[in-house]
Each structure stands twice: as C-alpha cells, then as structure tokens.
Amino acid sequence: MAKDFFDEIIECLNAEGAKHKTVSLSEATAREFFMDKQASPFVPKTEVLQPAQQRQVQNNRPAQQRQKTQPVEQPVSKPIPQPQVQEQNQAQPVDFSKLDLQTLEQTALQCTRCPLCKKRNNVVFGEGNPNADLMFIGEGPGYDEDKQGRPFVGKAGMLLTKMINAMQFSREEVYIANIVKCRPPGNRNPLPEEAECCLPYLRRQIELIQPKILVLLGAVPLKFLLNKTGIMRSRGHWEKFQGLKVMPTFHPAYLLRNPAAKRETWQDLQQVMTIFGKAHKK
Ligand code: URA
C-alpha cells in the first residue's frame with residue numbers, strides 16, 4: 001500500500017539532516033495527489049520544516065501560567081455517565097463564564113441540553129493541553145469517539161494525528177475539540193439547534209485555553225463558529241474568531257475520501273506552522 005502523504009512528510013522531517021532541505025515525495029504519493037486527474041509525471045516538492053526539538057515558539061503568556069502547560073494524560077476510555085434525559089426546551093441554566101475547564105467538563109458530562117444526549121454512550125468533551133497554543137476543531141464525535149469518549153480516535157483521527165505530527169506538534173501539545181460533544185446519529189452533520197445548544201461549551205473552552213490559532217476542520221466548524229459557508233473557498237484563508245487567528249482547512253474524513261486534497265491541506269497547515277516559526281520558506 002502506498003504510504004500516506006503525511007507519513008512521508010513526517011519521515012522526511014525525522015530523517016537525519018532533513019532540516020532546511022527540500023523534501024521530494026515518492027512517486028506513489030505524488031500519484032495520489034493526481035489520482036483524480038490525468039497521471040502526472042510531476043513529483044511535487046514540499047518545504048521542510050525544523051524538527052520539533054528545535055521549535056521556538058514565541059510565547060507571550062506569563063511564566064506562571066506557562067508552568068501549568070503540562071500535557072494532560074488522557075485515559076483511553078472514560079466512564080459513561082447516564083444522565084436523565086430532559087426535553088430540548090428545558091436546557092439547564094448554566095453560567096458558562098464562571099466555569100473553569102474541569103467544571104466545564106463535568107457539566108458537559110451531564111449535559112441534557114439537546115436530544116443528542118439520548119443516544120450517546122459518552123460525551124466527547126475534548127482533550128489535550130489546557131494551555132495549548134494550537135487548537136483543532138472538528139464537527140462532532142463519530143462511532144469510535146462516542147465509544148471511547150475521546151475526540152478523533154477513529155480513522156479520521158489517525159489521519160489528524162499524522163497531520164499534527166507533520167506540523168511538528170504532538171497530539172498532547174495541542175487541544176482537540178468539536179462543535180458538538182455528543183454523536184449525531186449516523187454521523188450526520190449537527191443540526192443548527194444542536195450546535196447552538198453545544199457551542200457555549202466550545203466557546204468557553206476557547207476562552208479558557210486561549211490558543212493562538214484555531215484550525216477549523218471542514219465545513220461544519222466553519223459554519224457554526226464563523227457563520228460562513230464554502231470550505232472550498234475559505235480553506236487556506238485566515239479568518240478571525242474573537243480576536244484569534246483561524247485557519248479553515250479540510251476535514252481529515254474528507255481527505256480519506258479525497259487524498260488529492262492533502263496537498264492543499266498541507267499548504268494550509270504550513271501557513272499555521274509559519275506563525276509558530278516551524279515552516280521553512282525557501
Ligand atoms: N470527526 C470529527 O469531526 N470529530 C471527531 O471527534 C471525530 C471525527
């Protein structure tokens with residue numbers, strides 16, 4: 001089987017002396033780019049980034065706050081709380097602005113604000129470094145995430161992890177969350193009313209984590225966080241959310257179906273890496 005595009009990037013970056021040199025992708029990967037086009041003899045080049053160890057992130061946060069920046073060990077699986085189901089219009093009054101991350105998570109674990117709570121096995125609150133500079137936002141939990149109570153742990157999640165690693169970050173260094181915390185049936189997109197019920201959790205997560213950059217994965221976070229449609233047009237273009245820099249790009253599940261789009265996604269991610277001093281421009 002041909003190597004995944006992001007595997008190759010990671011391999012190249014990890015190879016001795018990879019720093020500052022140009023990486024040639026294998027023919028197989030190059031062909032993957034063009035699988036929906038005419039076969040092309042062109043082997044794309046991609047820029048090489050600095051290894052993770054040499055990362056120099058400009059960090060403007062106070063030292064005190066930074067000391068807390070320990071990656072959080074996430075359990076493989078979380079217990080399954082079984083809340084009483086309330087009717088949708090009986091949303092609990094919660095002052096989200098008063099909640100710290102832990103209390104916010106506890107509140108989410110018992111949430112019955114929308115009907116998605118009825119079918120869930122686990123609330124997928126989000127995970128990662130509570131002081132992350134980089135935050136990824138997806139749509140909502142799928143089958144695997146609902147089972148494990150963790151975001152992006154299925155096939156799309158494996159690809160997201162590779163994308164994060166290719167960006168010279170570890171999963172533990174970043175924070176990963178979703179628009180909705182409970183699985184929509186059949187993996188359909190969240191409905192506007194479900195997203196509306198759930199967004200106060202995400203907004204508060206962003207407020208507390210204060211990342212420097214949000215990466216929006218696909219059309220759903222673009223729609224519900226920025227009120228924009230058209231991921232094809234918007235990807236790769238910087239946006240703002242409450243003063244934060246936002247980069248919309250393709251969802252990893254889309255990339256699994258359309259591997260050729262990994263090339264554009266990598267370009268989007270490299271823009272993010274540039275901000276962190278990780279991308280090397282020729
Ligand atoms: N897709 C998402 O958008 N989020 C997940 O957590 C998993 C798959």
Side-chain angles (χ1 to χ4, degrees), residues 4 6 72 74-78 80 101 104-105 108-109 111 114 116-117 119-130 132 134-165 167 169-192 194-199 201-203 205-206 209 211 214-226 228-229 231-232 234-235 241 246-259 261-262 265 268-269:
D4 176 75
F6 289 104
V72 179
Q74 294 291 335
V76 171
S77 169
K78 292 183 181 173
I80 301 174
L101 205 56
L104 187 69
E105 178 163 10
L109 293 182
C111 183
C114 89
L116 290 183
C117 71
K119 295 266 167 67
R120 73 177 175 226
N121 287 304
N122 275 298
V123 174
V124 180
F125 178 69
E127 69 179 25
N129 178 353
L134 180 57
M135 184 164 173
F136 291 82
I137 300 174
E139 309 173 3
Y143 175 84
D144 296 296
E145 291 75 21
D146 174 62
K147 275 211 141 166
Q148 295 189 39
R150 299 180 57 208
F152 283 99
V153 289
K155 278 195 186 136
M158 281 167 63
L159 180 55
L160 177 63
T161 304
K162 285 180 193 176
M163 289 157 62
I164 292 169
N165 294 159
M167 294 174 78
F169 281 91
S170 67
R171 238 184 108 110
E172 292 75 21
E173 271 181 295
V174 305
Y175 197 93
I176 305 173
N178 281 307
I179 292 291
V180 292
K181 313 292 189 207
C182 299
R183 184 189 182 204
N187 294 345
R188 63 157 168 75
N189 286 348
L191 302 172
E194 294 160 353
E196 198 186 317
C197 283
C198 212
L199 271 171
Y201 292 107
L202 181 62
R203 289 205 194 94
Q205 278 173 302
I206 295 169
I209 293 163
L214 299 177
V215 175
L216 304 188
L217 301 166
V220 169
L222 183 71
K223 178 173 166 198
F224 291 121
L225 220 54
L226 301 184
K228 283 195 105 168
T229 55
I231 186 68
M232 296 288 175
S234 297
R235 61 139 282 272
F241 176 76
V246 179
M247 175 54 69
T249 193
F250 290 127
H251 192 286
Y254 174 81
L255 297 179
L256 291 173
R257 298 189 302 273
N258 302 278
K262 288 177 186 173
T265 305
D268 305 344
L269 299 180

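Note that ligands are numbered from 1 as they come in the structure, with each ligand's atoms numbered from 1 the same way.
Partners of Glu145 under the side chain to side chain donor-acceptor pair (under 3.5 Å) rule, at least two apart in sequence or in another chain, do not exist in this structure. By the side chain to side chain donor-acceptor pair (under 3.5 Å) test, Thr265 pairs with no residue at all, sequence neighbours left out. For Phe224, the ring pair (Phe, Tyr, Trp, His ring centres under 6.0 Å) test picks out no residue, with sequence neighbours left out.
In this structure, CG on Asp144 lies 8.5 Å from CZ on Arg183, to the nearest 0.5 angstrom.
Residue-level contacts of ligand 1 at the 4.0 Å heavy-atom threshold are Gly138, Glu139, Gly140, Glu145, Pro151, Phe152, Asn178, His251.
In this structure, the ring of His251 has its center no less than 6.0 angstrom from the ring center of Phe136.
Side-chain contact of Asn121 with Asp146: a donor-acceptor pair under 3.5 Å is present, judged by distance alone.
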